[in-house]
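First the structure, in the form of structure tokens, and then the observations on it.
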Amino acid sequence: MAGPRIVTLVRGHRLLKESFEQELDFARQVMESVDHGLTVLDGDGRFTYVNRAYAQMLGLPASALVGRTPFEFTVPDDHTQLQEGRRAREAGQASSYRTRLKRTDGTTLDVIVTGTPQWHKGRIVGNFAVIAPLRELMDDLCCEERRQA
């Protein structure tokens, strides 16, 4: 009698796995489709995921960023903003701040970073951040004001 029960368990496991893979694929498509940078950091403040848009802001492939920290790609004078943002997220609060990224071509890029804590089972295990180029946001704001005028 254990045979049919095992078959049912295996079938259920397979369906659950397929469902999980579909959800994961959907999440990846969403994260890669946004125009702004999207990053996920672990509890130690290291990138576990960066989308293509963020990698392009820096001029590096996404794979070259995983395991590294935002401090490596931020103008040193702006490290205080990063530290304050991280403290806020460690305290369970979202935060937004302006900073400058160092690009591989030697230029800097003014951005707005909005970060939020990543929770798991009631505990903060890292954070998510959206990184938007300031010039792009200003252009969007100006266009919106023109449309309303």
Side-chain angles (χ1 to χ4, degrees), residues 9-10 12-149:
L9 285 173
V10 169
H13 176 73
R14 188 185 82 241
L15 292 173
L16 184 60
K17 183 179 175 191
E18 288 173 4
S19 176
F20 175 74
E21 288 172 356
Q22 288 173 354
E23 291 291 324
L24 189 57
D25 184 52
F26 173 77
R28 283 188 181 125
Q29 287 181 48
V30 169
M31 293 186 297
E32 287 299 327
S33 70
V34 296
D35 290 335
H36 297 309
L38 178 63
T39 64
V40 179
L41 281 77
D42 64 17
D44 294 325
R46 296 192 175 280
F47 294 118
T48 59
Y49 171 82
V50 301
N51 72 348
R52 184 178 56 249
Y54 183 70
Q56 287 174 342
M57 286 180 199
L58 297 174
L60 292 166
S63 61
L65 299 170
V66 173
R68 298 173 75 181
T69 73
F71 289 93
E72 295 177 59
F73 306 102
T74 302
V75 172
D77 289 345
D78 294 351
H79 284 189
T80 300
Q81 289 93 309
L82 265 69
Q83 291 166 336
E84 289 172 1
R86 182 169 177 177
R87 278 194 290 274
R89 289 188 288 278
E90 287 172 346
Q93 302 168 351
S95 65
S96 291
Y97 52 91
R98 181 178 172 174
T99 191
R100 293 168 292 167
L101 300 179
K102 298 182 295 186
R103 304 178 69 177
T104 57
D105 65 5
T107 62
T108 61
L109 179 65
D110 289 316
V111 297
I112 300 292
V113 176
T114 300
T116 187
Q118 178 187 5
W119 295 88
H120 180 71
K121 295 185 179 181
R123 198 169 72 84
I124 297 172
V125 296
N127 68 78
F128 304 104
V130 174
I131 300 90
L134 185 59
R135 181 176 180 179
E136 202 173 288
L137 294 174
M138 296 303 290
D139 288 348
D140 289 349
L141 181 61
C142 290
C143 289
E144 182 62 30
E145 288 175 354
R146 282 188 216 126
R147 279 193 294 266
Q148 291 178 359

Worksheet item: Quick one: does Tyr49's side chain get under 4.5 Å of Val66's, heavy atoms only?
Response: no

Worksheet entry | Side chain proximity check, Val50 to Leu58, heavy atoms < 4.5 angstrom | no

Worksheet item: Taking atom CD of Gln56 and atom CG of Asn51, what is their separation to the nearest 0.5 Å?
Response: 8.5 Å

Discussion item. Rounded to the nearest 0.5 Å, what separates atom CZ in Arg98 from atom CG in Asp110?
Written reply: 4.5 Å

Worksheet item: Out of curiosity, Gln83 CD to Gln81 CD, how far, rounded to the nearest 0.5 Å?
Response: 9.5 Å

Discussion item. So does Thr99 get a backbone contact from the side chain of Asp78, meaning a donor-acceptor N/O pair under 3.5 Å?
Written reply: no

Worksheet item: Thr48 side chain to Val40 main-chain N or O, any donor-acceptor pair under 3.5 Å?
Response: yes

Item to complete: Output, in order, the C-alpha distance, side-chain angles, deciding distance and verdict of side-chain contact (heavy atoms from CB on, under 4.5 Å) for Val130 and Leu38.
Response: CA-CA 5 Å; Val130 174; Leu38 178 63; 4.1 Å; yes

Worksheet item: Of all heavy-atom pairs between Ala94 and Pro117, which one has the smallest distance, and what is that distance?
Response: N-CD, 4.2 Å

Item to complete: Indicate yes or no: at least one non-hydrogen side-chain atom of Tyr97 is less than 4.5 angstrom from one of Thr80.
Response: no

Response to the item:
Result for side chain to side chain contact (heavy atoms under 4.5 Å, CB included) between Leu109 and one of Arg100, Lys102, Met57 points to Met57

Item to complete: Determine whether His36 and Pro133 make a side-chain contact, defined as any pair of heavy atoms from C-beta on separated by less than 4.5 Å.
Response: yes

Discussion item. Going by the rule side chain to side chain contact (heavy atoms under 4.5 Å, CB included), which residues pair with Ser96 if we only count those two or more places apart in sequence or in a different chain?
Written reply: Thr114

Output a table of donor-acceptor pairs, distance under 3.5 Å, between side-chain atoms of residues 67-75 and any protein atom two or more places apart or on a different chain; print 'none' if there are none.
{"unit_1": "Arg68", "atom_1": "NE", "unit_2": "Glu72", "atom_2": "OE1", "d": "2.8"}
{"unit_1": "Arg68", "atom_1": "NH1", "unit_2": "Ala64", "atom_2": "O", "d": "3.2"}
{"unit_1": "Arg68", "atom_1": "NH2", "unit_2": "Glu72", "atom_2": "OE1", "d": "3.2"}
{"unit_1": "Thr69", "atom_1": "OG1", "unit_2": "Phe71", "atom_2": "N", "d": "3.4"}
{"unit_1": "Glu72", "atom_1": "OE2", "unit_2": "Thr69", "atom_2": "N", "d": "3.0"}
{"unit_1": "Thr74", "atom_1": "OG1", "unit_2": "Pro70", "atom_2": "O", "d": "2.8"}

Worksheet item: Is there a donor-acceptor contact under 3.5 Å from the side chain of Asp42 to the main chain of Asp44?
Response: yes

Fill in: Step-by-step side-chain contact (heavy atoms from CB on, under 4.5 Å) determination, Tyr54 to Val111
CA-CA 11 Å; Tyr54 183 70; Val111 297; over 6 Å; no

Discussion item. Show the nearest heavy-atom pair for residues Ala53 and Gly37, with the distance to one decimal.
Written reply: CB-N, 4.0 Å

Worksheet item: CD of Gln93 to CZ of Arg87: how many Å apart, nearest 0.5 Å?
Response: 12.0 Å

Worksheet entry | Arg89 side, atom CZ; Asn127 side, atom CG - distance, nearest 0.5 Å | 4.5 Å

